[in-house]
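As structure tokens, the structure follows; a few thoughts come after it.
A quick note: this is a predicted structure, and the numbers were derived from the prediction, not measured. What you see below is based on every heavy atom in this structure, not just the backbone, and it leaves out hydrogens, waters and symmetry mates. So that the names make sense, note that chain A is the first sequence line, chain B the second, and so on, each numbered from 1.
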Number of protein chains: 2
Amino acid sequence: MPRNGNSSQDRVIDPTDTKSKILDAAEELFMEHGFEATSLRLITTAAGVNLAAVNYHFGSKEELFQAVLTRRLDPMNQDRMQLLSAYESASNGKPLTCEKILAAMFIPALKLARDHQQGGKNFLRLLGRAYADPAPFIREFLSSQYREMIARFRSAFSFALPHIPREELSWRLHFVMGALSYTLAGADMLKIISQIHPEEATNDELLLKRLAPFLAAGLRSPSPAEDGGHHLFQET
Amino acid sequence: MPRNGNSSQDRVIDPTDTKSKILDAAEELFMEHGFEATSLRLITTAAGVNLAAVNYHFGSKEELFQAVLTRRLDPMNQDRMQLLSAYESASNGKPLTCEKILAAMFIPALKLARDHQQGGKNFLRLLGRAYADPAPFIREFLSSQYREMIARFRSAFSFALPHIPREELSWRLHFVMGALSYTLAGADMLKIISQIHPEEATNDELLLKRLAPFLAAGLRSPSPAEDGGHHLFQET
DNA sequence: GCTCAATTGAAACGACCGTTTGAATTTACG
DNA sequence: CGTAAATTCAAACGGTCGTTTCAATTGAGC
């Protein structure tokens, strides 16, 4: 009895085996109902497998959730870092533009959103929910999954924007991640905020072509320490 | 038997009555565990009231959740619109700056975060979770709560930035809402993204003094239609 | 073909869920 | 004070939950 294991595919991935069927069904159902509200019975019924298969292959519901996240999140963040390295190698030691660094963040996310016709979009919504979940096992998992990639991109931005203090840059990177994840995950909020035509709202590439310039302008803006001392939050 | 009702306090709010005790406990527990994972038994035990009191005073668990949201969200959005109107009245028909409009959005949220020492922060985190929840009853509720406020602020930005096409502005307003809600709600994500000192991360006012200039720069940036045709998402 | 481990299967475990019921209690008021 | 409405209470309703157990089945290597 393996009881878990095979954490980073020791064998080839077979989309018809029990583990993959569970992961596919869990991804869609976790996205739709959240972690706590999705029962293992719902997942195993949708996957066409026995209820006990989840505990046999993944150990527990929490470990299944982590497996669902890591299956796509880990490759996506690896892609981001590889793409960033490729851009840097091609620049001959010159700093990259903010747009270029943002492209290294966005393109792998876009690829994920497009690749698996429904799975990709489902996963990004699931990720958006996980960001807002305070459950310790989720937060610690996301932290470990993101730490390396975030450090890598902060260095790149620091090199591209040497006049921005490192701490200010950490904040701006936080804002970038917020707008990106919110935009990729919360398509439904668009219907609240605007009367944007639905057929356009589904075009993620166009969306990010609008988001990247928006964020690049914010990243390049003067550091608050050198803006002449505006007093924004003074009433009247 | 009233069976619900009293939707916008017909009587004075008494922080020691059963309804308020339930709302306070529910706000904290919904924030911590999410809607589905928070049981009415947990809420009523924490509030020190009988289990049946929720169904008696609010009708159902879903209606209790909406009552928790509307108690603070509705006043906050009213404050935002009143503040925006006050700024506009003081400007003698001249367009407001982006920073000023953003201040009208941020200040009421900041007031909420500070007012109720723990309740305020709890509520904003709860709101962040609700944004990412696809449950129809949550999405429809948020949509109805935000529609008027969003329309009001889109008009203000449209007046302040007449050269930005209205559709582009809708997208940028979406990005603003995303970065703001993500920032206000997801304080824990900061620990993932940066090594920002915790004692500073809790200072929301400083946080928004960094966020507002960042977003204002993005809002003012040239419209993509007139940026000369960059090709950001061309690989290589 | 036999053996033994890997996997699947059906059933049950105790626990907790949202809601309802109807009686007991408190409150408001003529 | 008496009475009718509002509120609180304990208990139970039918269900669903994650997990475990153990027998049945499968599959690979000798």
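Relative orientation of the A/Tyr131 and A/Tyr146 rings is tilted, given thresholds of 30° and 60° on the angle between their planes. A perpendicular orientation is assigned to the rings of A/Trp171 and A/His174, their planes being inclined by more than 60° (bins at 30° and 60°).
Between A/Thr18 and the phosphate of C/dT8, there is a side-chain N or O to OP1/OP2 separation shorter than 4.0 Å. The side chain of B/His57 places no N or O atom within less than 4.0 Å of a non-bridging phosphate oxygen (OP1 or OP2) of D/dA6. Using a 4.0 Å cut-off, no side-chain N or O of B/Ser60 falls inside it from OP1 or OP2 of C/dG18.
Residue B/Asp17 contributes atom CG, which lies 16 Å from atom P of D/dA6 at whole-angstrom precision. Look at CG on B/Asn55: it is 16 Å from P on C/dG22, rounded to the nearest Å. Put simply, CG on A/Asn50 is 5 Å from P on C/dG9, counting in whole angstrom units. Rounding to whole angstrom units, CD of residue A/Glu63 and C1' of D/dG18 are separated by 13 Å. Rounded to whole Å, atom P of D/dA12 lies 14 Å from atom CG of B/Leu51. Between the C1' atom of D/dT19 and the OH atom of A/Tyr56 lies a distance of 16 Å, rounded to the nearest Å. Atom CZ of B/Phe58 is separated from atom P of C/dT19 by 13 Å (rounded to the nearest Å). A/His33 has its NE2 atom 15 Å from the C1' atom of D/dC17, to the nearest Å.
Side-chain contact of A/Arg147 with A/Ser143: a donor-acceptor pair under 3.5 Å is present, judged by distance alone. The closest side-chain donor-acceptor pair between A/Glu63 and A/Ser60 falls under 3.5 angstrom.
Taking the six-membered ring for Trp and the full ring otherwise, A/Phe175 and B/Phe214 have centroids separated by under 6.0 Å.
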Could you tabulate the donor-acceptor pairs under 3.5 Å formed by side-chain atoms of residues 40-49 of chain A, not counting sequence neighbours?
| unit_1 | atom_1 | unit_2 | atom_2 | d |
| --- | --- | --- | --- | --- |
| A/Thr44 | OG1 | A/Leu40 | O | 2.8 |
| A/Thr44 | OG1 | A/Arg41 | O | 3.3 |
| A/Thr45 | OG1 | A/Arg41 | O | 2.7 |

What verdict does the ring-ring contact (aromatic ring centres under 6.0 Å, His included) test give for A/Phe35 and A/Phe65, after you've listed the backbone C-alpha separation in whole Å, the side-chain angles of each residue and the deciding distance to 0.1 Å?
CA-CA 7 Å; A/Phe35 172 73; A/Phe65 187 76; 5.0 Å; yes
Take B/Glu168 and B/Arg172 through the test salt bridge (Lys or Arg N to Asp or Glu O under 4.0 Å) and record every step on the way to the result.
CA-CA 6 Å; B/Glu168 173 70 21; B/Arg172 296 188 178 184; 2.8 Å; yes
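Residue B/Ala53 is classed as having no contact, given no heavy-atom separation below 4.0 Å to the nucleic acid.
Here the closest heavy-atom approach between residue B/Val176 and residue B/Met105 is recorded as CG1-SD, 4.5 Å.
Comparing A/Ala52 and B/Ala52 by the nucleotide of DNA chain D that holds the closest heavy atom to each, the one mapping nearer the 5' end is B/Ala52.
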Heteroatom pairs (N/O) under 3.5 angstrom, protein to nucleotides 23-29 of chain C:
none

Could you run down the sub-3.5 Å N/O contacts of the protein with nucleotides 13-17 of chain C?
| unit_1 | atom_1 | unit_2 | atom_2 | d |
| --- | --- | --- | --- | --- |
| C/dC17 | OP1 | B/Ser39 | OG | 2.5 |

